[in-house]
Amino acid sequence: MKQAAIDTKDVRATSGPPVLRAEGLSKSYGPITVLTDVTLDIRAGEVHAIIGENGAGKSTLMKLLSGHAAPSGGTMKMAGAQVAFSDAVQAEDAGIVLVHQEILLAPDLSVAQNLFLGRELSRFFAVDDKRMNRRTAEVLARVGCTARPWSRVGDLPLAQRQLVQIARALLDDRKVIILDEPTAMLANDEVDALLDIVRSLRAQGVAVLYISHRLEEVEALADRVTVLRDGKMIGTWPAADLDQRQMAELMVGRELSMLYPPKREPVEAEPALMVEDLSVDHGAIRGTFSVKPGEVLGIGGMIGAGRTEMMEGLMGLRPAQAGAVRVNGKTINKPDVGTMMAAGVVYLTEDRKGKGLLLNEGLGPNLILQALDMINPGLRLDRKKELAATRETVKEYDIRIRSLSIQAGQLSGGNQQKLLLAKVMQANPSVVIIDEPTRGIDIGNKSQIYRFIDDLVRAGKACIVISSELPELVGLSDRVLVMRAGRFAAELTGTDITEQNVVYAAASSGNDTKGRKRA
Amino acid sequence: MSSAEIASLPESEGFKIRWGDLAPFIALGVIILLGTMINSNFMSANNLLNVITRSAFIAIIGVGATFVIATGGLDLSIGSMLAFVVGIMIMAMNALAPALGPWAIPAGAVVALVVGSLCGLLNGLIVTVGRIEPFIVTLGTMGIFRALITYMTDGGSLSIDRSLRSAYRPLYFGDFLGVPYPVIITLVIALLGAFILYRTKYGRRVTAVGSNSDVARFSGVHVGGVRTMAFVIQGFCVAVAAICYVPRLGAATPTTGQLWELQVITAVVIGGTLLRGGKAHIWGTVAGALILEVIANVMVLSDMVSEYLVAAVQGAIIIIAMLAHRFTSSR
Amino acid sequence: MSSAEIASLPESEGFKIRWGDLAPFIALGVIILLGTMINSNFMSANNLLNVITRSAFIAIIGVGATFVIATGGLDLSIGSMLAFVVGIMIMAMNALAPALGPWAIPAGAVVALVVGSLCGLLNGLIVTVGRIEPFIVTLGTMGIFRALITYMTDGGSLSIDRSLRSAYRPLYFGDFLGVPYPVIITLVIALLGAFILYRTKYGRRVTAVGSNSDVARFSGVHVGGVRTMAFVIQGFCVAVAAICYVPRLGAATPTTGQLWELQVITAVVIGGTLLRGGKAHIWGTVAGALILEVIANVMVLSDMVSEYLVAAVQGAIIIIAMLAHRFTSSR
Amino acid sequence: QDKQFTIAVSIPAATHGWTGGVVYHAQEAEKQLEAAYPNIDVIVSTASSATAQVSSLEDLSATNELDALVILPFTSEELTGPVEQVASNGTFITVVDRGLADPSIQDLYVAGDNIAVGANTAQWLVEKLGGEGEIVVLRGIPTVIDDERIQGFTEVIDQSDIKILDIQYANWNQDEAFTLMQDYLGKYPNIDAVWANDDDMLLGVIEAVDQAEREDVQYMLGGNGMKQVIEMVKAGDERTPISTPYPPSMIASAMFMTAAQFAGQAPMRGSFKLDAPLITPQNADQFYFPDSPF
Ligand SMILES: Nc1ncnc2c1ncn2[C@@H]1O[C@H](COP(=O)(O)OP(=O)(O)OP(=O)(O)O)[C@@H](O)[C@H]1O
Ligand SMILES: Nc1ncnc2c1ncn2[C@@H]1O[C@H](COP(=O)(O)OP(=O)(O)OP(=O)(O)O)[C@@H](O)[C@H]1O
Ligand SMILES: [Mg+2]
Ligand SMILES: [Mg+2]
């Protein structure tokens, strides 16, 4: 499915005057400059991809263009006239809308209320919910989102929220639509639908700025590609002139090694983690699985299949009932994060901003939060150890920062992910469960993380990887379990691990996830 | 999803009963049942009317507080503000009485509404322009309003002119087709509040701001404006309560409205509005006000607890009500 | 990035002055300066000692409140809890006095610490196990504790045995090398508090829970336990304050500690701790307590405002202090 | 004699010493009356504010056939209308302490005299200080009671050469009185006497003066006749040789008089004003109730 979408490559020549032009834009936060002298043309009817490593400044540039932040220097022009936006609303009025990389929706409001927030439709004095719900249903259908207009956004899974966010940008006619990693949280189906939408927008003459770390998307979709590195503009090329490998090398500024480490030899060992009949409220049904030391167990499935629920239930983070849970032969009676961690199992959440990191705290406090008891045997907190561990982590995990006193929230997504990884590894686990290990991570960091997973498995740890990115699942896993509607639907090993097989198992019989809820 | 399917979507969840939202009404029912069992007089029409009428003050102010709390704010100054507005209103009415006669009453009421709204505006502006915690701001203005009323009464009391008394009295004690005026006023205010909160753009933005103010800001909502306006609504509601209050007690003293802020906030929270903002239940607030008033009434009617322990029993009942709420709504 | 570069990264902001964190101390300085200008007696050693000693209660309780607020909670019951603990302690001391003589004092103090911690535990458990807003829970227990002390004193007062009085008195009025004991106790409690908050694992968890309880939960922090413990610490601090309180007037009355909760919360917030949790400043709280006490002192010493308006001026000063804070720390 | 009589008693809640005393005496009187007269039912109801008192009046009269109401009103103005309402049902009204704005409503009036409390204390001070000196005053909670006492006091003082250095609220609270007195002592190098207006506050004042070891303070006076203070008077304390009674037991007197209206053949109508004579070591025993909490 994904394959099909990506193969149809239709680049069209777009020339003519730019709808939006950035000249010499720069941005600094206090003493730290994150963007220097970026000059960029965006033309009507083109898909303009912006690529770069994590922290290259892509999101920052988009925030400047869409009025979410004010540039420290440089100017912007629309149709030849200079513009300056004091806030996002002005930019939206001018026809520029940004879909944020992170989810920015009011959790207590319904989908329709979120979509129309700030521009509610009304009749006489009252808001016209009927009309808004109808319009919402239309746009939701367009982006392939199955949420109901009146569902509370806080109750939706992340992927659905991401689609809601995209739907919000499509509600009105725009000149420029900026999508900042729109597919990071989506699975293949949704990605295909989204790519189609982007194409149709382009056909309508809208300029789409598209940020993604999935270079195959960029290759399939973009007309032109702009590469940023370390806050500087490397250049803009017609997409037809670049292949994925060239793009990647432009981004990182050096030659790339292999993305996936070579597969390991199968091992004979007792399972490190054994789970029997694990059922999680509103999510997963009677899951039985195990993982051995030295093995990567991949878990695939469509969004909403219940993979996250299964693992969160296992960790006691959701109400769940288990037949049996055994870690290294030891039975765990009532799993919770603490006992699981003590037994050697850690879970790395897919929601790194909401559940993974304390955004307002520094690196150190985040790093040692989980393993506080292991790092500090007594009551006291050893701040020297904390600082040492922080330095060590920054080095080992290659976290790119300019000062150790930076807050976790100020790190770019990739660096946050590395920090999160380092955080769970502080507990020195024997089983690591990673939910979406590379969501929103650039290709350079990705291979680092893959190599890292490989290292720890080679060191005799067991690893479970939940991923919606098929190449990643296939490239990393020794064994793949595919979930469908809350149940394990298939197990793939050896050469059976292919993207086609995973997709088939994930989608075959039940094509809607609602069936499970009814059950 | 085809457009035919879309057209057939139900318009809202209107018909699905949300137990969580009903909790305050169920709690009210249970307490009324208990009251009936404890004292046979409880159910007398007279007693019920008294209780309902009396709950008007907390309910009316509570409607305003629901707005403030829904935006994520908090107003501790309402009790003092009520006293201050009552004081100003009485002074205005007394001053106008010689010239206007009974017309001094509506004139005074208008003065009250203006002053109340301005007091709310003051709170709102300090909170939004000064970007200070509402808790602290309104704690400060609470002291200020309380001091002003003490000053205005010279530490004693400020009563309404005898000549106005009888003309004004019916506003609290009178009724329309058997429904006491304060109850009617409460209903009107609650209806208005519910309309504004659930059916207008402003109401939408109130919950949006309380739910996530960053999102609201990015969506072009003037967060400061919405917050300030909520405080103004609060001030207006306080003034309406003041207008109902004066005919009942006829005077302002430095202790008027003392600790009402706590009662109002309790009513709002019992009613199901979240203190962190983002979710608001106008009718829940009204039920909450009734619950508090009924509890107090039952305490007076029953002779079971020592006078000293009344406050303890009330506190315990509120906690138990919230616990019950929690466990019914988590279903 | 080379490892040389990493090694050279600045360690921490340790040496950079954070203006925001200093704001309460600057405000304190400014108010002291004003006090000196307004009345020459202000700077007398006697007056300063009085003021500092007096602020001990709010400061000690404030240390506990800093913990509760840092976890995102709030405790409105502290004033009533103080009265209740004082009452229990006096009763215990009086009962033990015949048997133990002056040793009844330490015995009573131990009773106080246990009772205070249990009161905190009660609050904490209702909040965490019952999952109810701390505001409502502690409003309820505030009523309960207040009613209990009223009941225990029969509405009158409960005085400590004459025989214990003189032995106990020095704990408030005495000094060690010129430093009054309450000040020493405050320093010890604040040091302990700062140690726990900044230097222990528990302290880390406190800020983590207040900052984002989901993250804390996913990191294996027992969120309920941390919250409950914060309330216990609060109760313990209240008991310490009670131990310092009794020797001063030697009695508990139904008005003991009334409205102290608001003063304590104000002190904590002026001190720079965020009401929504996640950021805590123990020493800021101590400065906040001093600020409140100094303002009250200066108000009495100055002859400028009518007695009726003292509360207004205090309210205004607090708001102005917060505004100043806001504008200095936004630099 | 089969007829049942219901007497409702509405008083302020025990929020500080004096009202605590009122509640105590009301409850004692309730027990004694109900024991003495089986056909009389007494309902005591406390209220923590004027509004709450009006509410409890409404509740009591809506749910009971009240034969009599004994009320110690929070404030005069605010309670006048509501009491009038009760009276219009034919209920016998006994007003205690605080008069209503319209005296024609009440059948029986038992009162202390707050103005006299202030004036008598002032009179005594003027004599003792020889008509000159410097004093400080503490006020209670801003209410009519406080207002009247201060009024009675200042009127007398104004006629002498005594100077009132300062007057501030301490809310009938020992702690606040202590704090305020500390500040007074810091502010004024010479203070000849302190009038604390209330014995609760007096205790705080004494603590503060003792701590400062100030010899210039010759007299510290309160009022209300609190147990501890009467003990001091009895013991001949030099700085507190007198107090003024404002006995909370007046509620009990009123209840007994009202009961007599129904139980006996004694029509009880009119006004009974309790004087506020100085309590001195000589007569202190009459004002001493060791079992009262106040
Ligand atoms: N408020 C801030 N204060 C200081 N530095 C910041 C702030 N916001 C962002 N930065 C820094 O700016 C740099 C660029 O961040 P930006 O989010 O634009 O990167 P990005 O290219 O979008 O990365 P990613 O692919 O991970 O999303 C990063 O190094 C980041 O740490
Ligand atoms: N509290 C809840 N009540 C009812 N349904 C829920 C609840 N929480 C989650 N779900 C449903 O459970 C399903 C699984 O959600 P989730 O997206 O986490 O699965 P997943 O397989 O981990 O997908 P991914 O991690 O790729 O997003 C979704 O359909 C979601 O709507
Ligand atoms: Mg980005
Ligand atoms: Mg998931």
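The sequence lines fix the lettering, A, B, ..., with proteins before strands; numbering per chain opens at 1.
- For Tyr169(D), the part lying near chain B is the side chain, with the backbone staying farther off; criterion is any non-hydrogen pair under 4.5 Å.
- Contacts of Thr256(B) with chain D are made by side-chain atoms alone, with heavy-atom separations under 4.5 Å and no backbone atom involved.
- The OG1 atom of Thr253(B) sits 9.0 Å away from the CZ atom of Phe74(D) when rounded to the nearest 0.5 Å.
- How far CZ of Arg169(B) is from CD of Glu84(D): 7.0 Å, rounded to the nearest 0.5 Å.
- Ion pairing between Glu58(D) and Arg248(B) holds under the 4.0 Å rule for side-chain N and carboxylate O.
- Looking at Ser45(D), the atoms closer than 4.5 Å to chain B (heavy atoms on both sides) sit in the backbone and in the side chain alike.
- Under the 4.0 Å criterion applied to side-chain N and carboxylate O atoms, Arg54(B) and Asp59(D) are assigned as salt-bridge partners.
- With values rounded to the nearest 0.5 angstrom, Arg139(D) atom CZ is found 10.0 Å from Thr150(B) atom OG1.
- With chain B as the partner, the residue from Pro82(D), Ser61(D), Ala13(D), Ala62(D) showing the most heavy-atom pairs under 4.5 Å is Ala62(D).
- Here CZ of Phe57(B) is found 7.5 Å from OG1 of Thr51(D). Values are rounded to the nearest 0.5 Å.
- Within 6.0 Å of OH on Tyr151(B) lie no more than 12 heavy atoms contributed by other residues, nucleotides or ligands.
- In this structure, the portion of Ile141(D) lying under 4.5 Å from any heavy atom of chain B is its side chain and not its backbone.
- Contacts of Tyr172(B) with chain D are made by side-chain atoms alone, with heavy-atom separations under 4.5 Å and no backbone atom involved.
- For the options Gly81(D), Ser55(D), Ala50(D), Ser49(D), heavy-atom pairs under 4.5 Å to chain B are most numerous at Ser55(D).
- Proximity to chain B (any heavy atom under 4.5 Å) is shown, for Glu148(D), by neither the backbone nor the side chain.
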